[in-house]
Structures are given as structure tokens and as C-alpha cells.
Amino acid sequence: MSQAQTAPEHLTPQSEDFSKWYAEVVQRAQLADHSGVRGCIVFRPYGYGIWEHMQRLLDRRIQATGHQNAYFPLLIPESLLQKEAEHVEGFAPQVAWVTHGGDKELEERLAIRPTSEAIIGAMYSKWIESYRDLPLLINQWANVMRWEMVTRPFLRTTEFLWQEGHTAHATAEDCQAEVLRMLEVYRDFVETDLAIPVHAGSKSDAEKFAGAEMTYSIEALMKDGYALQAGTSHNLGQHFAKVFDITYQDEQGKRQHVWQTSWGVSTRLIGGVIMTHGDDHGLQLPPHIAPVQAVVVPIWRKPEERAAVLPFLDRVREALVGRVRLQVDDRDQYSPGWKYYEHELRGVPVRLEVGPKDVAKGAVMSVRRDNRAKESIPLEGLGERLPALLEEVQAALFLAAREFRDRNTSTAATLEDLVRHFQEDGRRGFVALPWEGSAVLEAQIKEKCAATLRCIPLDQSRFAGMAPAGRRVALFARAY
RNA sequence: CGGGGCGUGGCUCAGCCUGGUAGAGCACCUGGUUCGGGACCAGGUGGUCGGAGGUUCAAAUCCUCUCGCCCCGACCA
């Protein structure tokens, strides 16, 4: 492999400079490009393709749980945004404003949505009249804008793409059930399709969404040991219902405020995939979301070999059409070896080599991206074997990521232990600490070692024995 | 928003200190030989040096402003 490392095209190793590695992968795998507008990236077809597969798989789950898609406006009148005090205060520094239409100054500034609670709340107040209108379960796929000081492709950009669910319920119990239901949808989606293991839990007051009663999140661990909030689900209580006057008449004819939730995941997940699975050879995409699940690389030396291989490629295509997202890389100007590096960089889960020897056997040689295991697959069985192989890769990526996450999760008995871990030992990862909910202690920790409370896991069973009886643990980490 | 670094063909950079009419490697195009882990030879295309203003006979080079990118800190999905 010394050749790969000395080649001018080699990636900066993760261990040398993780940020640089990340930037290079994004650029060279052609996921995204800088646009010339601060913090706004262009999603190139390959990067956008990943997002489209995420959308498809998550949207299916959102709809299966009874939600409908809708679309609300990009622009929100200032007066609307200002109604919920805590909400405004939280977002004020990050809001971009439209002040002019043509060269005429507007009477009222319009915010480019940083999130849509306000405008959706205003509409819900018109739409909801009776308990028969509840629950109201709406999701929107949209772009939002938050003026960020420091940006990184996918992880934090000024404009990003996401989905935001907004629901209204008759009772606090229904509302809380929805919050947890969607958190579980996220957990299942991220673990099953993105192969990213997460901890689902609740946030502290310091970390909760501006205007929420309670925030829940799923938290992942990146390969550099930093935590990434991968999705959030908020219990908004009646805060927005009260300021936007969202009420319904119950069975007794009594007027009540609704209980609301909101929940979202964003294109940040693409960054999560990159930093969970990527290695020194580049990207590794979980097959479920890989735009190209398998790439065919034909090989020949002599014209007669070419004549034998080329028609065989059609038979490979035929065997896999409708079963596997396949790319046949028949570009003539690159050698097979060059293509191997290219597709590894782009994270294609499986490569299929088709040369004269394979054609003679009526088979293709498959090579896994994750462990480079080779397997000769006869053409007759290819249609069944390759999808199964892709599932094996998907499962292996998840297990490897979970093993890494667990290996980088430790425990601390006291504040001092925790600070020592992050500060003096310079370690990263998750640290579980017995937790009683002291905001003062949380602030101290943040100040002393820059670690924040990522979540208080809902499932405490895996931390059994770490906290005194009756006490829970909270997970701390340095975070993106 | 503070501190630091950087903007020169698509990419990585040299040239800047000490002003004198823009270079290299890779990529790209053409032709030929190649192809089971980043092929080779020959010929070729491509840059108002991030932008604006200033100094000067003359600016990639010196000065001012501005925009963008990267890294480190405070805020966030």
C-alpha cells in the first residue's frame, strides 16, 4: 500500500488531520462544492443522491406513521416570529432577513425561516377547531437558513435541507407519545439505513430547543471521537398553542389549547455518514443509501479479450436490473487500478471485476469496500447473491461502528474524573456520569473541558451498575 | 465574532521579500501503444494572478479596502 500513500492523489490520513480528511473526501468524492456564498454549499449529484435515498427511506417511515407532507412558505413575517419569546431569543442571532422587494423597502421585515414553528402555528390556529381535527400530523421537506459563524459542509451550513414534522394533539399524553414515537422512527432509520448506532435520550434544559418543553435527541459518535446530534424530537407543550391561539373544543364543548411536537433531521446526516464510516481510502457508503451500490469494472488486454468481456457486461446488467443500483464503468481512458481507487474514494460498497478469466468461468469477482473480501459469483446466482452481499456489508458497517462507539464509551464517577478524561488525558468519546440534573454542574463541566451533556439515555439498562440505585446516567462528549 | 493562515489555468503549488509583459507537476484534448491495484510516449488547449481602489514609466509582486476559503476559540441541527 506504500504506493497508495506516496501517490500524489492520496488522502490526508484521518489520524493526521481529521478535518482535512473530511474536507478532502467531500471535495474529491464530489459530494459538495463551495458556492461562493458564505456557508452555502452546492450539493453535487452524488451528494444529493445520498440525500434523496435518505429522504425516500425516511419519508416512507414518516408516512407509515400517519403523517402527511405539506409545504409552508420560506418567508416568515417578523411579527409572527416574535410571538414566542424564548423561540425568538434562541434564534435571533441566526436569522437572515429580507428587507426589500425590488428597490422598495418592506413595511415589515421577512425572516428567511430558521425553522417553521411560527408560520405553521399561525396556520394551525386557523385549521384546528374541534377535537375531531386532532391529531394533526404534518411533515414538510424544506430548506432553512441559519446564519452561522463557522460552517462545514453538511455538518453546519448556512442553508441546509431537512424535514420538519409539526403535530398537534388533544392531550399532553398523546403529545408525549408522538415525541417518543418519532424519536424511535429516527433511531430505527439512522441505525437501519445509515448504519449509524445512536443513543436516544432527553436533553438538559441548557441544550433543549428554544421554545420547547423538552427535547429528545439521537446522538452518534464520529470517528474522531466527537459526538454528533443526529436528530431531534421536541415536546413543545402548549407554548406555541398559547401564543398562536391554537385551540379546539373538546367533547364537553370546552375550549382547550392543543399540545404540539416538532421533530427534524437534516443534511447533517450526510456528514454523520461520512465521519462514521469513512476511512483512509475515502468514503464508505451504507448500501441502503449508496447512489451506486455496485460498480462493474471491466478488464481486458487484447482486442479479443475486449470482444469477449463487453457482451458479458450486458448479461451482468440484465441479472441485476431492478435489484441493485449498478454502474458499469466502461470508461476507456482509465486503467482498472485507477478505477478501483476512484470508486473506493467514492465509497461504492461493492466492486465487480469482470475480466477474461471471469468471463471464461461465467462469473464476476466481487470485492467488498469495507474489508476487501473477494468472492467469485457465478452469473446465474448473481441476482440473488449480490443483494444479499450488500445486506452483509450494511450489517458489517453497523457492527463496526457500534463496536467503535462502545469502545469509546467510558464511565466517570465524579466531575473530576470526567474533566480528567477530556482535559488532562485529552480523550474523546462518550462518558457516562451519574446524573441528578444539576444545571450548575453541567455549566462547570462545559467550562472546564468543553464537554456537553449530549443526552440522558432513555434506555438506562446498558449503563446498569454505573449509577447508584435509582439514579440515572447522562452521556457527556465533545460535540460538533 | 476574536486569533492565525491562505487566495496565481480544473487541482496542488512556485514566483512576491528585492516591481520589468506569468511557470511547474497533475488533470484535460488529439494520436498511438496500454489495461487483474493509481500505465507510457509524442503533440496540444487553457490563467485580465479572488475583487475594487491607490502608488509607479511599469504591479501577481508595494499600500488601502473588500469578498471567499481553511485552522483554533465563544454560539448552533
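Bear in mind that the values here come from a model prediction, so they are computed numbers and not experimental data. Numbers restart at 1 for each chain; the letters A, B, ... are given by sequence-line order, proteins then strands.
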Self-check item: Atom-to-atom span, CH2 of W263(A) to P of rA77(B) - whole angstrom
Solution: 18 Å
Practice problem: Determine the interatomic distance between C1' on rC1(B) and the same-named atom on rU64(B); round to the nearest Å. | Solution: 23 Å
Self-check item: Separation of the C1' atoms in rA42(B) and rA58(B), to the nearest angstrom
Solution: 40 Å
Quiz prompt | Between P of rG10(B) and CZ of R44(A), the distance in whole Å | solution = 14 Å
Quiz item: Reckon R146(A) has a side-chain N or O less than 4.0 Å from the OP1 or OP2 of rC76(B)?
Solution: no
Quiz item: Between rC76(B) atom P and W162(A) atom CH2, what is the distance in whole Å?
Solution: 15 Å
Quiz prompt | Candidates rA77(B), rG73(B), rG36(B) - which lies nearest the side chain of P356(A) | solution = rG36(B)
Quiz item: Would you say a side-chain N or O of Y334(A) is under 4.0 Å from OP1 or OP2 of rC28(B)?
Solution: yes
Self-check item: Sugar-phosphate only, base, or nothing, as touched by L228(A) at under 4.0 Å among non-hydrogen atoms
Solution: nothing
Quiz item: Taking the same atom, C1', in rC49(B) and in rG15(B), what whole-Å distance lies between them?
Solution: 10 Å
Quiz item: Regarding R56(A) and H53(A), is there a side-chain donor-to-acceptor distance under 3.5 Å anywhere?
Solution: yes
Quiz prompt | Strand partner of rC62(B), provided both Watson-Crick or wobble distances fall under 3.5 Å | solution = rG54(B)
Exercise. Grab the CD-C1' distance between E117(A) and rA77(B) for me, whole Å please.
Key: 12 Å
Quiz prompt | Short N-O contact, E159(A) and R146(A), less than 4.0 angstrom | solution = no
Quiz item: Is Q94(A) touching bases, backbone alone, or none of the nucleic acid, heavy atoms closer than 4.0 Å?
Solution: sugar-phosphate
Quiz item: Looking for any heavy atom pair under 4.0 Å, which part of the strands does F209(A) touch: base, sugar-phosphate only, or nothing?
Solution: nothing
Practice problem: Could you tell me whether R428(A) and D224(A) make a salt bridge, using a distance below 4.0 angstrom between a side-chain N and a carboxylate O? | Solution: no
Self-check item: Any-strand Watson-Crick or G-U partner of rC6(B), both distances under 3.5 Å
Solution: rG68(B)
Quiz item: Given the C1' atoms of rU61(B) and rC16(B), what is the spacing between them in whole Å?
Solution: 4 Å
Quiz item: Does rC13(B) pair with anything, Watson-Crick or G-U wobble, both distances under 3.5 Å, and if so, with which nucleotide?
Solution: rG23(B)
Quiz item: Looking only at side chains, do E442(A) and S204(A) share a donor and an acceptor under 3.5 Å apart?
Solution: yes
Quiz item: Between E213(A) and K208(A), does at least one N-O distance fall below 4.0 Å, as a salt bridge requires?
Solution: no
Exercise. Remember a base hit wins even if backbone is also touched, and classify T157(A) as base, sugar-phosphate or nothing at under 4.0 Å, heavy atoms.
Key: base
Practice problem: Mind checking the CG-CG spacing from D358(A) to L379(A)? Nearest 0.5 Å is all I need. | Solution: 11.0 Å
Quiz item: Which ring-ring contact (aromatic ring centres under 6.0 Å, His included) pairs, counting each pair once, include a residue from residues 191-221 of chain A, with sequence neighbours left out?
Solution: H87(A)-F209(A), F91(A)-F209(A), H199(A)-F430(A), H199(A)-F463(A), F209(A)-H234(A)
Quiz prompt | Any strand: nucleotide that pairs with rG31(B) via Watson-Crick or wobble, under 3.5 Å | solution = rC41(B)
Practice problem: Kindly confirm or rule out a cation-pi arrangement of R346(A) over Y46(A), judged by NZ or CZ under 6.0 Å from the six-membered ring centre and within 45° of its axis? | Solution: yes
Quiz prompt | Separation of rU34(B) C1' from I299(A) CD1 (nearest whole Å) | solution = 14 Å
Practice problem: In whole angstrom, give me the gap between the C1' atoms of rU12(B) and rC17(B). | Solution: 23 Å
Exercise. Just name whichever nucleotide pairs with rC49(B), Watson-Crick or G-U, keeping both distances under 3.5 Å, else none.
Key: none
Practice problem: Take atom CD of E344(A) and atom C1' of rG37(B), then tell me their distance rounded to the nearest Å. | Solution: 8 Å
Exercise. Round to the nearest Å and state the distance from K302(A) atom NZ to rC35(B) atom C1'.
Key: 11 Å
Quiz item: What nucleic acid atoms does T232(A) come within less than 4.0 Å of, heavy atoms only: base, sugar-phosphate, or nothing?
Solution: nothing
Practice problem: Using a strict 4.0 Å threshold on nitrogen-to-oxygen distance, state whether E191(A) and R402(A) make a salt bridge. | Solution: no
Practice problem: For nucleotides rU66(B) and rA24(B), find the distance between their C1' atoms and express it as a whole number of Å. | Solution: 31 Å
Quiz prompt | First of E342(A) and A210(A) reached from the 5' end of RNA chain B, by closest nucleotide | solution = E342(A)
Quiz item: Side chain of P336(A): nearest nucleotide among rA77(B), rG36(B), rG37(B)?
Solution: rG36(B)
Practice problem: Determine the contact category for R351(A): base if any of its heavy atoms lies under 4.0 Å from a base atom, sugar-phosphate if only primed atoms, P, OP1 or OP2 are that close, otherwise nothing. | Solution: base
Self-check item: ring pair (Phe, Tyr, Trp, His ring centres under 6.0 Å) partners for W263(A), two or more places apart
Solution: H67(A)
Self-check item: Nearest-angstrom distance from the residue atom NZ of K446(A) to C1' of rC76(B)
Solution: 9 Å
Quiz item: Which part of the nucleic acid, if any, lies within contact of K339(A), taking any heavy atom under 4.0 Å across all strands shown: a base, the sugar-phosphate backbone alone, or nothing?
Solution: nothing
Quiz item: Between rC13(B) and rU18(B), how far is it from one P atom to the other, in whole Å?
Solution: 25 Å
Heteroatom pairs (N/O) under 3.5 angstrom, protein to nucleotides 67-72 of chain B:
residue	atom	partner	partner atom	Å
rC69(B)	OP1	G39(A)	N	3.2

Quiz item: Considering only rG36(B), rA77(B), rC76(B), which nucleotide approaches the side chain of R156(A) most closely?
Solution: rC76(B)
Exercise. Using Watson-Crick or G-U wobble geometry with both distances below 3.5 Å, tell me the partner of rA77(B), or none.
Key: none
Quiz prompt | Base partner of rU18(B), which must satisfy Watson-Crick or wobble distances under 3.5 Å | solution = none
Exercise. Please check the phosphate of rA39(B) (OP1 and OP2 only) for any side-chain N or O of S335(A) closer than 4.0 Å.
Key: yes
Practice problem: Verify the stacking flag for Y341(A) against rG38(B): centroid separation must be under 5.5 angstrom and the ring planes must differ by under 30 degrees. | Solution: yes
Quiz item: Using atom P of each nucleotide, how far apart are rA52(B) and rG68(B) to the nearest Å?
Solution: 16 Å
